2 protein chains.
Amino acid sequence: MTITDFLKDLVDFSEAELDDILSHFQKEIVSKSQPLVEQGQVCRKLYYVEKGIGRNYYLNSDGKEITQLFFGEGRFMTSLESFFEESPSLYNVEMLEDAEIHSISKNELELLFDRYHKMERLGRLLSTEMLTKVVHKLNAIQFQTAKERYEYMLTEYPDIIYRVPLGMIASYLGMSQETLSRIRKKKIRD
Amino acid sequence: MTITDFLKDLVDFSEAELDDILSHFQKEIVSKSQPLVEQGQVCRKLYYVEKGIGRNYYLNSDGKEITQLFFGEGRFMTSLESFFEESPSLYNVEMLEDAEIHSISKNELELLFDRYHKMERLGRLLSTEMLTKVVHKLNAIQFQTAKERYEYMLTEYPDIIYRVPLGMIASYLGMSQETLSRIRKKKIRD
DNA sequence: ATCGTTTTTTGATATAGGTCAAAAGAATCC
DNA sequence: GGATTCTTTTGACCTATATCAAAAAACGAT
């Protein structure tokens with residue numbers, strides 16, 4: 001879904017408003033694995049994912065990559081806290097496929113928030129939506145077995161599960177890659 | 001912190017705006033354990049917690065209570081998805097102490113969002129803040145040992161940890177009450 | 001203060017899922 | 001199209017934490 005359609009769907013901007021808003025976004029073509037943000041840097045941009053899948057991840061104390069969130073097409077992606085509070089990012093952000101994204105800096109975004117009541121609404125709606133998604137995930141992780149967590153992933157992100165390496169999904173679901181591999185095998189047999 | 005001070009701190013409302021906004025909230029005195037929302041009902045209100053601690057929780061398939069989130073003083077509390085999407089709540093919501101809260105219905109809130117650009121901003125800021133908190137928790141839960149999760153709780157919610165029963169904290173942290181009891185005992189010895 | 005209820009602790013035992021290591025299978029590159 | 005690298009699977013073993021059960025402690029109401 002193009003960013004234009006996405007914005008129109010959520011809030012009924014006028015043509016003029018929409019044009020102005022879109023003019024503050026930059027289209028970027030990025031290739032697979034090219035880092036957009038690195039752990040320790042301040043994340044300066046918010047991205048809309050038009051094509052591709054992104055993720056943010058960090059290296060734990062054993063140097064293992066832990067995927068925190070995936071961002072599919074039609075989602076806004078950033079290193080949340082870093083972007084909004086201009087603090088060093090705890091996460092790396094990257095695209096997992098060659099991708100087309102649209103970026104906007106914090107200043108430009110704030111400017112749009114100031115200028116348009118409707119833009120502020122858009123921000124609120126997106127933030128609330130994201131919040132409910134994260135709460136869902138939290139629920140899945142907090143008290144479910146490895147098998148149930150995999151099933152949650154299957155229903156919630158069927159598009160993503162077959163497009164990214166197993167190890168990333170495993171860490172996203174809070175289990176080892178070996179465990180996920182065994183679960184998946186057992187699933188297929190059933 | 002009173003709701004008035006809280007709102008003023010976040011966004012610079014004029015006196016008139018603030019008066020109008022506050023007039024849409026109802027002050028409620030609720031006693032401990034009195035249910036505000038029950039699993040299956042639609043949650044009709046958003047609450048500001050002025051005094052007391054609230055939580056939302058659900059009963060899992062074994063009938064055990066799982067606490068999902070705590071809401072301390074100065075926080076907005078609701079059954080998130082239920083309130084915004086008017087869907088049956090997955091959670092029960094209650095106060096854990098005799099409490100003073102301020103409530104607003106979805107219609108009145110939407111009315112304020114429509115009326116004031118600044119109100120919309122308030123909503124966005126609160127939602128974003130909540131989002132980062134939940135992401136933090138997710139992080140803590142996803143890959144940390146029981147001991148580390150307890151330490152996260154100590155630093156993130158030192159006020160809450162000594163005011164609510166152990167079992168609720170244990171389920172909030174995704175571990176059994178026995179495990180939390182043993183961890184805490186060991187901590188004291190060090 | 002005392003009885004009943006709720007919460008916390010403790011001990012014994014069980015198990016889901018982790019870790020390590022190696023093999024098998026895919027994908028990528030010259 | 002084989003060599004190299006990356007990803008997934010498999011097996012053996014181990015550990016953190018769950019579960020069960022019962023005692024101890026704390027809390028609340030009369």
Side-chain angles (χ1 to χ4, degrees), chain A residues 31-35 53 55 57 59-67 70 92 94-98 140-154 160-190, chain B residues 31-35 53 55 57 59-67 70 92 94-98 140-154 160-190:
Chain A
S31 51
K32 183 176 166 171
S33 301
Q34 176 187 325
I53 295 180
R55 66 157 179 163
Y57 69 98
L59 299 176
N60 73 3
S61 45
D62 307 336
K64 231 172 74 180
E65 287 185 2
I66 308 294
T67 296
F70 291 109
N92 299 282
E94 67 174 11
M95 299 304 297
L96 299 172
E97 305 171 344
D98 293 341
I141 295 276
Q142 189 166 359
F143 257 96
Q144 295 188 258
T145 62
K147 179 154 163 275
E148 288 167 326
R149 277 178 264 165
Y150 178 66
E151 282 159 0
Y152 147 81
M153 182 87 192
L154 274 177
I160 288 178
I161 208 162
Y162 297 113
R163 274 164 76 185
V164 311
L166 196 68
M168 291 183 193
I169 294 171
S171 77
Y172 175 79
L173 292 176
M175 67 184 76
S176 72
Q177 172 168 322
E178 293 92 328
T179 295
L180 181 54
S181 172
R182 284 184 251 259
I183 286 167
R184 206 170 54 166
K185 182 183 172 195
K186 208 148 157 255
K187 272 263 143 196
I188 291 165
R189 274 211 261 95
D190 300 344
Chain B
S31 52
K32 185 175 164 170
S33 303
Q34 175 188 325
I53 294 180
R55 66 158 179 162
Y57 68 98
L59 300 176
N60 73 3
S61 45
D62 306 336
K64 230 172 75 178
E65 288 185 1
I66 308 293
T67 296
F70 291 109
N92 300 282
E94 68 174 12
M95 299 304 297
L96 300 172
E97 305 171 346
D98 293 343
I141 294 277
Q142 188 166 1
F143 257 97
Q144 295 188 256
T145 62
K147 180 155 163 276
E148 289 168 326
R149 276 178 266 164
Y150 177 66
E151 283 158 0
Y152 148 83
M153 182 87 192
L154 274 177
I160 289 179
I161 208 161
Y162 296 113
R163 274 164 76 185
V164 311
L166 197 68
M168 291 183 191
I169 294 171
S171 78
Y172 175 79
L173 293 176
M175 67 184 77
S176 71
Q177 171 167 322
E178 293 92 327
T179 295
L180 181 53
S181 171
R182 285 183 250 259
I183 285 168
R184 205 171 54 167
K185 183 185 173 194
K186 208 147 157 255
K187 272 263 143 197
I188 290 163
R189 275 211 261 95
D190 300 343

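All of these numbers come straight from a predicted model, not from anything done at the bench. Below, read A as the first sequence line, B as the second, and so on, with proteins coming before strands; counting in each chain starts at 1.
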Exercise. For DNA chain C, which residues in residues 164-171 of chain B have a heavy atom at a distance below 4.0 Å?
Worked result: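 Nucleic-acid contacts, sorted: B:P165, B:L166, B:G167.
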So which atom in [X] and which in [Y] form the shortest heavy-atom distance, rounded to 0.1 Å?
X	Y	result
A:L59	A:E65	CD2-CG, 3.5 Å
B:L180	B:A170	CD2-N, 3.6 Å
B:Q144	B:R149	O-NE, 3.2 Å
A:E97	A:I53	OE1-N, 3.8 Å
A:S31	A:D98	CA-OD1, 3.3 Å

Interatomic spacing from [atom1] in [X] to [atom2] in [Y] - rounded to 0.5 Å:
X	Y	atom1	atom2	value
A:R182	A:Q177	CZ	CD	10.5 Å
B:I141	B:M175	CD1	CE	7.0 Å
A:M168	A:F70	CE	CZ	7.0 Å
B:Y150	B:T179	OH	OG1	13.5 Å
A:T67	A:L173	OG1	CG	10.0 Å

Exercise. Does the side chain of B:K185 get closer than 4.0 angstrom to OP1 or OP2 of C:dT10 through an N or O atom?
Worked result: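 Yes, because at least one side-chain N or O of B:K185 sits under 4.0 Å from OP1 or OP2 of C:dT10.
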Between [N] ([atom2]) and [X] ([atom1]): distance, integer Å:
X	N	atom1	atom2	result
A:R184	D:dT9	CZ	C1'	9 Å
A:E65	D:dC6	CD	P	12 Å
B:Y162	C:dT7	OH	C1'	17 Å

Problem set entry | Difference in axis direction between the ends of the helix from C:dA1-D:dT30 to C:dC30-D:dG1, five pairs, 10° |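 About 60°, once rounded to a multiple of 10°.
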Exercise. What string of B, S and - do you get for nucleotides 16-30 of chain C, 5' to 3', if B is base contact, S is sugar-phosphate-only contact and - is no contact with any protein heavy atom under 4.0 Å?
Worked result: -SSBBB---------
